[in-house]
Each structure stands twice: as C-alpha cells, then as structure tokens.
*Asks:* 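Just passing along the structure, written as structure tokens.
Fair warning: this is a prediction, and the values are worked out from it, not measured in the lab. Each chain gets a letter, A, B and so on, in the order the sequences are listed, and its residues count up from 1.
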Amino acid sequence: MIPVVRIPRNIPVAPRRSGFARWFWEGLEQGVFETTGCEGCGKISFPPRKDCPKCGSQNYRFHELSGKGVLYSRTMVRMTPTSLIPLAPLSLGIVDLDEGVRLACALLDRKAPLKIGERVQIAAMRFNDGVLFGAQSADDTTTEPGK
Amino acid sequence: MRRASIIGAAALPVGRMMPGEGATGGVFEAERLTPVIRRAVKDAGIEMSDIVSAVFAANPPTTRQLGFSVNMAARLGLKCKGQLSEVANLGISGGVAFDQAVADVELGRADIAIAAGILYQSAIKGHEGMEHGVRAVGDADWQAPFGFTPISWYALDAARYFYETRLNPDDLAHVAVKSRRWSANNPIAQFRDPVSVDEARSSDLIVDPLRLHDIPQRADGAVCFVIARDEIAANLRSDRVRIAARGFAHDGRHQIGDEPHDMTDFPAAREAAAAALGAARLRLQDIDLFELYAPCSITEVLVAEAIGLFGRGDALGATREGRTSPGGDVALNTSGGCLARGHPPTNTGLYGLYELFEQLRGAAGARQVKGSARGLHICELGNYNAALVHVLERAA
C-alpha cells in the first residue's frame with residue numbers, strides 16, 4: 001500500500017481508463033500501486049500491459065509496487081497546457097523505483113522542493129473526481145496510509 | 001546505387017506569418033509555400049514539369065487544408081510519376097521529407113525530386129499548443145495528464161546533467177549568446193540582435209533550470225529543396241551539394257523507458273552519426289560543419305557530446321570559451337540554431353539542411369565558414385529518442 005493524498009479540487013486532465021487498465025486506477029484510489037509483470041521472463045512493466053515488451057509472452061501477473069525509489073530528475077513547468085494552468089507551476093519528475101522501474105509523475109513538494117538523488121515514496125493523489133500519482137519525500141509522514 | 005545532389009533551394013525567414021483565427025486577408029499555407037517552391041525550382045535551373053517526386057513535411061492538425069500534398073501538386077501543375085506524399089514523425093518530419101526525396105532519386109524512381117514543408121503555428125497560443133505537445137512527447141494517458149510539455153523533457157535532461165557533472169547551469173547562457181553571434185549574419189534568422197550573458201542568465205525561468213533564452217520561441221517557416229541524380233545535377237550546377245550518406249537510429253523509447261537509463265546520453269544521435277559517417281567512409285574529424293537540431297541550449301550541449309565533438313561535460317566549457325562561436329574551431333549551428341535562427345519544429349530539419357547547403361556552396365555571406373567541404377546534419381524527435389543524420393559534401 002502507498003500513502004493517499006487528498007487534493008480538494010477536480011482533476012484537470014483525467015487519464016482515460018482502458019478496459020484493461022481500469023483496475024490500476026481503481027486500485028490507486030484505494031492506495032494500491034500495482035502493475036504487471038511477465039510470467040515468462042519476469043520483466044516488470046510500467047504502465048501495466050498484457051504483453052511483455054521483452055519476450056513477447058502474453059502471460060502476465062499483477063505485481064504490487066512499493067512505490068519507494070529515488071528521484072532521478074526534476075523540473076518545474078511554469079508554462080503549461082491550458083488545462084493545467086490552475087495547477088501551475090507544475091513540479092514534475094522522473095522516479096526510479098527500487099524494483100527497477102522508471103516512471104514520470106508529479107512531485108509533491110511540501111516543505112521544500114524534492115532533490116535529485118533523494119529517497120521518495122509514490123503516493124496516490126486523490127482528486128474530488130479522479131486520481132493520479134506523485135512522489136513525495138520518503139520521510140513525509142503527513143499523509144494518511146492507504147486503505 | 002545512384003547518387004543524389006541538391007541543385008537548388010529556397011527558404012523563408014523564420015518568424016511569425018500565420019494569420020490569426022478568423023483572419024481575412026492573410027496568406028494561408030499553400031499560398032505561402034508556392035513561391036518558395038518556384039524560387040527553389042528557378043534556383044535549380046529546371047522547369048516545374050521536370051519534377052517527378054514531391055515529398056512534403058506533413059502539416060500540423062490545426063491546418064485547415066487536408067490532403068495538403070495533393071492540393072500543392074494541383075496548384076503547381078505537378079504530375080508526379082515517382083511519388084507524391086506528405087510524411088511526418090514529430091521533430092524529424094522535415095528531415096524525413098528530405099530523406100524520402102533523396103531516396104527516390106537514389107532508387108531510380110525519380111531523376112528530379114523536391115522536398116518541401118511549411119509550418120504555421122505562431123498564431124496558436126503557447127498554452128494551447130502545449131495541449132497537443134504533451135500528447136506527442138509522451139504517453140497520452142500515463143504522462144500527458146501531469147503536463148510534461150515538449151521542453152520539460154529537455155529540462156529534465158538539464159537538471160540531471162548538472163546534478164551529475166556539478167557544472168553551473170548559469171553557463172547555459174553562453175549557448176544563447178553564441179547562437180545570436182551566428183544569427184546576426186543570417187538573413188533568415190528569427191532573432192538577430194545580440195544577447196548578453198547577463199541578459200540570458202537573468203531571463204525568466206520557464207521550465208527549471210531552463211530560462212527564456214534557453215528555449216525556442218514559436219515560429220513559422222517554409223523551405224524547399226530540389227534534388228537531382230548526380231549526373232543531371234553536374235550538368236545543371238557547378239556548385240551542387242551531394243548527399244554523401246545518411247544514418248538513422250531510434251533508441252526504442254518514447255521519451256523515457258520503464259527501466260532506468262542515462263537520459264542525457266542520446267545514444268540514437270551517436271549511432272545515427274556513426275552509421276552515416278561509416279557509410280561515407282569518413283571520420284568525425286573530416287566534417288567541417290555541424291548543424292545539430294537542438295531546441296534548447298542544453299540539447300546542443302548534450303548532442304555535441306553524444307556524437308563525440310566534445311568529451312562528457314566539456315561542451316559547455318567549450319561554448320563559454322568561444323570555440324563554437326564565429327571564428328572558433330568548431331562550426332556548430334552556424335545558422336544560429338533553434339534558439340536564434342528559429343524553430344518551426346516540423347521544418348527545422350529542412351532549415352538545418354538549408355544552412356549546410358548555403359555554407360557548402362559558399363553562399364553564407366558574412367557567416368561563411370571558409371573552405372568547408374563537408375557538413376553533418378542531425379534532426380531528432382522526442383528527447384533525441386530518434387535521430388536522422390545526413391552528411392552533405394561539396395561536389396566540385
């Protein structure tokens with residue numbers, strides 16, 4: 001389980017939920033951060049997918065991620081798409097999870113901007129009407145655990 | 001295989017040409033591109049009816065006229081027997097149009113081909129343009145909703161580069177300064193006024209650590225090349241420029257992969273350049289001019305290091321020392337590059353090739369790099385995930 005952060009506003013751009021990946025977003029709302037792994041070669045993929053990009057196997061299993069990792073890079077987007085102006089500036093980054101998975105996501109800078117090389121924890125960002133994921137400091141204890 | 005040479009070209013100054021929404025009395029895409037093609041055809045010393053293949057860099061989704069290549073062919077009176085098409089892949093679109101026209105000549109499908117493009121985007125507001133941009137440079141559902149704009153990926157490169165090298169991001173200002181020093185003498189550049197180090201380094205942060213002078217401004221552009229079988233070219237022009245080789249590589253990623261990798265390494269650039277140089281039996285030292293697609297200051301630094309022009313961490317210092325400025329020992333982006341010549345993305349590849357053509361036929365005026373015999377061009381897409389390289393050489 002990963003922490004869940006409440007964001008008291010509507011989600012500006014909601015990702016489409018495909019028939020396959022609906023469970024990812026529904027789980028994320030509850031603090032479950034789960035992707036797929038290949039039954040054949042063991043590769044963990046992100047985002048979740050049915051087929052393995054490495055060996056082509058169609059046999060996948062669900063793989064729960066710790067959400068723990070290191071911030072690889074970060075930026076602050078001050079010139080944003082129109083739909084994201086209400087959230088500007090956008091703190092964004094790339095996180096390398098301990099499981100060897102890289103992903104791009106929002107950064108939840110609280111006391112100070114997260115630093116490259118810092119230990120981070122992925123949290124679910126629960127908007128009024130949707131969910132995204134973001135990285136916060138691994139030391140951050142201000143958020144409630146997922147349930 | 002047959003050889004192909006460029007025998008003529010024309011380009012409009014990069015700048016703002018697109019009529020605003022609902023405008024009347026504006027010049028629309030086809031009207032704007034037509035005289036550019038006529039000028040290139042005249043420059044080549046051929047007739048419009050000599051053109052057998054015509055390849056256009058595809059227009060953006062905001063263009064009213066669909067079927068643009070067919071519309072253009074009808075307007076120009078072309079009846080192509082080789083190919084008539086519009087081609088695209090994000091930032092390499094212009095380069096792909098050139099590549100396809102060259103391929104038609106080399107494969108014997110056409111004795112004479114044109115590669116052309118026009119991009120109108122300047123009347124679309126920056127925020128609106130990014131609504132499309134985020135869906136192009138990243139996954140539409142898994143990355144775009146966060147707001148990863150096209151230049152945000154270069155900013156992520158920059159932040160990582162400065163973290164690893166411990167260099168000073170303030171030094172990026174020297175890229176902007178040297179770009180303007182070149183463009184001061186480029187009549188088709190979008191920005192020709194000088195900019196100072198202090199001005200660049202104190203400009204507004206746009207996407208940290210990149211500032212206003214580290215990023216390109218919105219711009220329109222239009223370019224046309226005429227390419228001919230080398231034997232025909234030799235009879236038409238004494239100053240033709242031959243396509244010596246090309247190379248292409250994609251690193252298999254859409255911005256980033258789902259496994260850690262060095263984002264600042266640009267392997268596609270290195271591999272495509274090596275492939276082109278290998279095919280031409282040349283070494284990097286044999287190249288006199290480099291036009292390297294670099295939308296942001298940091299991108300020029302990283303691609304120059306990726307292809308081996310400088311060692312890792314050395315390009316910024318070399319820029320600060322003036323080695324890539326006019327009079328320096330490395331002729332890098334003599335057009336002024338994306339920051340100063342300008343960056344109409346789907347046409348930027350054509351503009352880079354145009355600079356090499358001008359230089360190699362000795363028509364670059366006050367920015368001429370004397371004695372240049374060969375030039376290397378790279379265009380790219382994404383975060384240099386794919387790179388398309390052409391090596392051009394003076395034929396005579």
*Asks:* Quick check for you: to the nearest 0.5 Å, what is the distance between A:Ser45 atom OG and B:Glu259 atom CD?
*Replies:*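 Spacing of OG (A:Ser45) from CD (B:Glu259) equals 8.0 Å.
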*Asks:* Please flag which part of B:Ile256 lies under 4.5 Å from any non-hydrogen atom of chain A: side chain, backbone, both or neither.
*Replies:* side chain
*Asks:* Decide if the gap between the ring center of B:Phe146 and the ring center of A:Phe133 is smaller than 6.0 angstrom.
*Replies:*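 Under 6.0 Å, so yes.
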*Asks:* Taking all non-hydrogen atoms of both residues, which atom of A:Gly100 and which atom of B:Pro260 are closest, and how far apart?
*Replies:*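 Closest pair (atom of A:Gly100, atom of B:Pro260, distance): O-CD, 3.4 Å.
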*Asks:* Using every non-hydrogen atom in the two residues, find where B:Pro145 and A:Leu132 come nearest and quote the distance to one decimal.
*Replies:*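 Taking every non-hydrogen atom into account, CB-CD2, 4.1 Å.
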*Asks:* Can you list everything that forms a side chain to side chain donor-acceptor pair (under 3.5 Å) with A:Asn10? Sequence neighbours excluded, please.
*Replies:*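 In terms of side chain to side chain donor-acceptor pair (under 3.5 Å), with neighbours along the sequence ignored, A:Asn10 is linked to A:Asn128.
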*Asks:* Select one option (side chain, backbone, both, neither) describing which atoms of A:Ile11 are under 4.5 Å from chain B's heavy atoms.
*Replies:* neither
*Asks:* Quick one: does B:Arg160's side chain get under 4.5 Å of A:Ile116's, heavy atoms only?
*Replies:*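 Yes, their side chains come closer than 4.5 Å.
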*Asks:* Report the C-alpha distance between A:Leu71 and B:Tyr163 in whole Å, list the side-chain angles of each, state the deciding distance to 0.1 Å, and finish with yes or no for side-chain contact (heavy atoms from CB on, under 4.5 Å).
*Replies:* CA-CA 12 Å; A:Leu71 186 62; B:Tyr163 172 80; over 6 Å; no
*Asks:* Holding to salt bridge (Lys or Arg N to Asp or Glu O under 4.0 Å), I want the full list of residues that pass it with A:Arg16, two or more places apart in sequence or in another chain.
*Replies:*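 Residues passing salt bridge (Lys or Arg N to Asp or Glu O under 4.0 Å) with A:Arg16: B:Asp141.
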*Asks:* Could you report the tightest heavy-atom contact between B:Met263 and A:Tyr72, atom names first, then the distance?
*Replies:* N-OH, 3.0 Å
*Asks:* B:His132 versus chain A, heavy atoms under 4.5 Å apart: side chain, backbone, both or neither?
*Replies:*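 For B:His132, there is no contact with chain A at all, as no heavy atom is under 4.5 Å.
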*Asks:* Who wins among A:Ala21, A:Pro89, A:Pro47, A:Ala14 for the most heavy-atom pairs under 4.5 Å with chain B?
*Replies:* A:Pro47
*Asks:* With a 4.5 angstrom heavy-atom cut-off, is it the side chain or the backbone of A:Ala88 that approaches chain B, or both, or neither?
*Replies:*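 Neither the backbone nor the side chain of A:Ala88 comes within 4.5 Å of chain B.
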*Asks:* Taking 4.0 angstrom as the limit, do A:Arg78 and B:Asp204 come out as a salt bridge?
*Replies:*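 No.
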*Asks:* Using heavy-atom distances under 4.5 Å, tell me whether B:Phe148 contacts chain A through its side chain, its backbone, both, or neither.
*Replies:*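 Looking at B:Phe148, backbone and side chain both touch chain A.
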*Asks:* Which bit of A:Lys43 is near chain B, if near means a heavy-atom gap under 4.5 Å: side chain, backbone, both or neither?
*Replies:*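 Side chain of A:Lys43 only, per the 4.5 Å heavy-atom cut-off to chain B.
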*Asks:* Can you tell me which portion of B:Leu210 sits under 4.5 Å from chain A's heavy atoms? Options are side chain, backbone, both or neither.
*Replies:* neither
*Asks:* Look at atom CZ of B:Arg64 and say whether more than 12 heavy atoms of other residues, nucleotides or ligands are closer to it than 6.0 Å.
*Replies:* no
*Asks:* Which heavy-atom pair separates B:Asp208 from A:Thr75 by the least distance, and what is that distance?
*Replies:*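 Smallest interatomic distance, heavy atoms only, reads O-OG1, 2.5 Å.
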*Asks:* Is it true that a side-chain atom of B:Gln143 and a backbone atom of A:Ala104 form a donor plus acceptor pair closer than 3.5 Å?
*Replies:* no
*Asks:* For B:Thr149 and A:Thr80, indicate whether the former's side chain and the latter's backbone hold a donor-acceptor pair under 3.5 Å.
*Replies:* no
*Asks:* Drop me the distance from B:Ile206's CD1 to A:Met76's CE, to the nearest 0.5 angstrom.
*Replies:*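 Here the rounded value is 13.5 Å.
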*Asks:* Please determine whether the number of non-hydrogen atoms from other residues, nucleotides or ligands lying under 6.0 Å from atom CZ of A:Arg22 exceeds 12.
*Replies:*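 Atom CZ in A:Arg22 is not packed in, count stays at 12 or less.
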*Asks:* If you round to the nearest 0.5 Å, how far is CZ of A:Arg102 from CG of B:Asp258?
*Replies:*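 CZ of A:Arg102 is found 10.0 Å from CG of B:Asp258.
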*Asks:* Taking all non-hydrogen atoms of both residues, which atom of B:Trp142 and which atom of A:Pro48 are closest, and how far apart?
*Replies:* CH2-CD, 3.6 Å
*Asks:* Check each atom of A:Leu90 against the heavy atoms of chain B and say whether the ones under 4.5 Å are side chain, backbone, both or neither.
*Replies:* side chain
*Asks:* Would you say B:Glu131's side chain and A:Thr82's backbone share a donor-acceptor pair under 3.5 angstrom?
*Replies:*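 Confirmed, B:Glu131 side chain pairs with A:Thr82 backbone.
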*Asks:* Closest heavy-atom contact between A:Leu92 and B:Leu156?
*Replies:* O-CD2, 4.2 Å
*Asks:* If you count the non-hydrogen atoms of other residues, nucleotides and ligands that lie under 6.0 Å from CZ in B:Arg135, is the total more than 12?
*Replies:*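 Not more than 12 within 6.0 Å, no.
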*Asks:* Check for a donor-acceptor pair, side chain of B:His127 on one end and backbone N or O of A:Pro81 on the other, with a separation under 3.5 Å.
*Replies:* no
